[in-house]
**Q** 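My structure is below; once you've seen it, I'll send some questions.
Here is the naming used below: chain letters follow the sequence lines, and residue numbers restart at 1 for every chain. Any value given below was found using the heavy atoms of this structure, including those in side chains, with hydrogens, waters and symmetry copies removed.
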Protein chains: 2
Amino acid sequence: MNRFLSHATNRIDAKGRVSVPSAFRAVLLEAGVRELYCFQDFVFPAVSAGGPELLDRFEKQMAAEDPFSDAANQMSLLVHGGGVFVKLDPEGRLMVTDFIRDFTGISTDVTFVGRGDHFQLWEPQAFARAQAEAREGRKQRGLRSE
Amino acid sequence: MNRFLSHATNRIDAKGRVSVPSAFRAVLLEAGVRELYCFQDFVFPAVSAGGPELLDRFEKQMAAEDPFSDAANQMSLLVHGGGVFVKLDPEGRLMVTDFIRDFTGISTDVTFVGRGDHFQLWEPQAFARAQAEAREGRKQRGLRSE
DNA sequence: TGGGACCATATGGGCGTCAATGGGAGAAGC
DNA sequence: GCTTCTCCCATTGACGCCCATATGGTCCCA
């Protein structure tokens, strides 16, 4: 398994640390990622995290559209200006900084959400709501999988 | 037999495990599936399960459209964030996690329902109702084959 | 044809391992 | 010197692996 899948909720301890789920750490290890690259998601109130190659991916995306568009400008602000490198401690935990808290609304618990080539940090309730909305939207569009 | 057929109800034990029906396990074995991919169904209050190729299918679908579109984003939230890889123990049982319970209403028993290329986990009563409704709907449309 | 041995599946529980969490102490920075 | 950040160790609770038991069905043989 070489991608980020499923979701799990972990508690922030008194020092402001939270364990990254072991399944996600395994993916990072396999990819040889030692430092996480984090930034604010464009769509959801979540912080996205992954290897440094994520940056490349978003720069490609920006290059694909009109470089002077509002979207490209805002993306650059988030990707370049809002990006942070985060290190894990020997137990696989990361510090939940104000950068993360302010944007996501996270306070005591973090929901880690796999997104294939990266994963996200969500406030648990916010994730539940977003997922419910997504499911509702799919149902209405009638895009059944079978 | 290379597809999932019929249905069966098994009990969840004190540890929260339930045996996957042997007929289904045989199909999985033949297909060489060692890890199940499970996700909350888009239509029914059931959890669908099958081989990893189910996920591949979803990812192809996402790749087909604009990867940064709203639809693709929401789908990833369901397929990646809402999907789980589940391993069977040596006896062919799986853990019934809250992820499954909350969405399906399953508490003490699980009804396994074959769906051809995958199968589903239902709360027994809910399955009985859904099946009755489906039968009724077909009858009214006059599409019965018998 | 009826009874019994045999087999497969479903189920129950013990136990070791690992992940998540909590706290302490040393190191580095203000 | 005090705060903040790491690293290290301890605890606990969950999960995976193993073996044991039960239950129902099938096949063989008398």
**Q** Where the side chain of B/Arg93 is defined as all heavy atoms beyond and including C-beta, which of D/dC18, D/dC17, C/dG22 is the nearest nucleotide?
**A** D/dC18

**Q** Would you indicate what A/Ser19 reaches in the nucleic acid, counting non-hydrogen atoms under 4.0 angstrom: base, sugar-phosphate, or nothing?
**A** base

**Q** Go through D/dC18, D/dG16, D/dC8 for me and flag the one nearest to the A/Glu91 side chain.
**A**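 The listed nucleotide nearest to A/Glu91's side chain is D/dC8.
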
**Q** What is the distance, rounded to the nearest whole Å, between atom CG of B/Asp98 and atom C1' of D/dA14?
**A** 13 Å

**Q** Provide, to the nearest angstrom, the distance between the CD atom belonging to B/Glu35 and the C1' atom belonging to D/dC15.
**A**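 B/Glu35 atom CD is separated from D/dC15 atom C1' by 14 Å.
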
**Q** What is the distance from CG of B/Leu88 to C1' of D/dC17, rounded to the nearest Å?
**A**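 It is 14 Å, rounded to the nearest whole Å.
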
**Q** Are a donor atom and an acceptor atom from the side chains of A/Ser48 and A/Gln120 found within less than 3.5 Å of each other?
**A**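 Yes - a donor-acceptor pair under 3.5 Å links their side chains.
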
**Q** If the test is ring-ring contact (aromatic ring centres under 6.0 Å, His included), which one of A/Phe112, A/Trp122, A/Phe127, A/Phe119 qualifies with A/His7?
**A**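 Only one of A/Phe112, A/Trp122, A/Phe127, A/Phe119 forms a ring-ring contact (aromatic ring centres under 6.0 Å, His included) with A/His7, namely A/Phe127.
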
**Q** Could you give the CZ-to-P distance, from A/Arg25 to C/dC18, as a whole number of Å?
**A** 13 Å

**Q** Distance check needed: C/dA19 P versus B/Lys87 NZ, whole Å only.
**A** 11 Å

**Q** Hey, could you give me the CE/CG distance between B/Met75 and B/Asp70, rounded to the nearest 0.5 Å?
**A**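 Between atom CE of B/Met75 and atom CG of B/Asp70 there are 14.0 Å.
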
**Q** Want to settle it: does B/Val20 or B/Asp89 sit nearer the 5' end of DNA chain C, counting the closest nucleotide to each?
**A**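 Nearer the 5' end of the strand: B/Val20.
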
**Q** How long is the line joining CG of B/Leu94 and C1' of C/dT11, in whole Å?
**A** 14 Å

**Q** Please tell me which of the listed nucleotides, C/dA20, D/dC15, C/dG22, lies nearest to the side chain of A/Arg11?
**A**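 When the side chain of A/Arg11 is considered, C/dG22 is the closest of C/dA20, D/dC15, C/dG22.
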
**Q** Select one nucleotide: of C/dT11, C/dA20, D/dC17, the one nearest the side-chain heavy atoms of A/Pro21.
**A**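 So the side chain of A/Pro21 is nearest to C/dA20.
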
**Q** Applying a 4.0 Å non-hydrogen cut-off, can you work out what A/Arg17 is touching in the nucleic acid: base, sugar-phosphate, or nothing?
**A** base

**Q** Choose from C/dA10, C/dG12, C/dG22 the nucleotide whose nearest atom is closest to any side-chain atom of A/Asp13.
**A** C/dG22

**Q** In whole Å, what is the span from the CE atom of B/Met95 to the C1' atom of D/dG13?
**A** 12 Å

**Q** Mind calculating the distance between CD1 (A/Ile12) and P (C/dG22) to the nearest angstrom?
**A** 11 Å

**Q** So that I can tick it off, tell me whether B/Asp41 and B/Arg115 are bridged by a salt bridge, with the cut-off set at under 4.0 angstrom between side-chain N and carboxylate O.
**A**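 Salt bridge between B/Arg115 and B/Asp41, a charged N being under 4.0 Å from a carboxylate O: no.
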
**Q** Classify the ring geometry between B/Phe58 and B/Phe39 as parallel (under 30°), tilted (30 to 60°) or perpendicular (over 60°).
**A** perpendicular

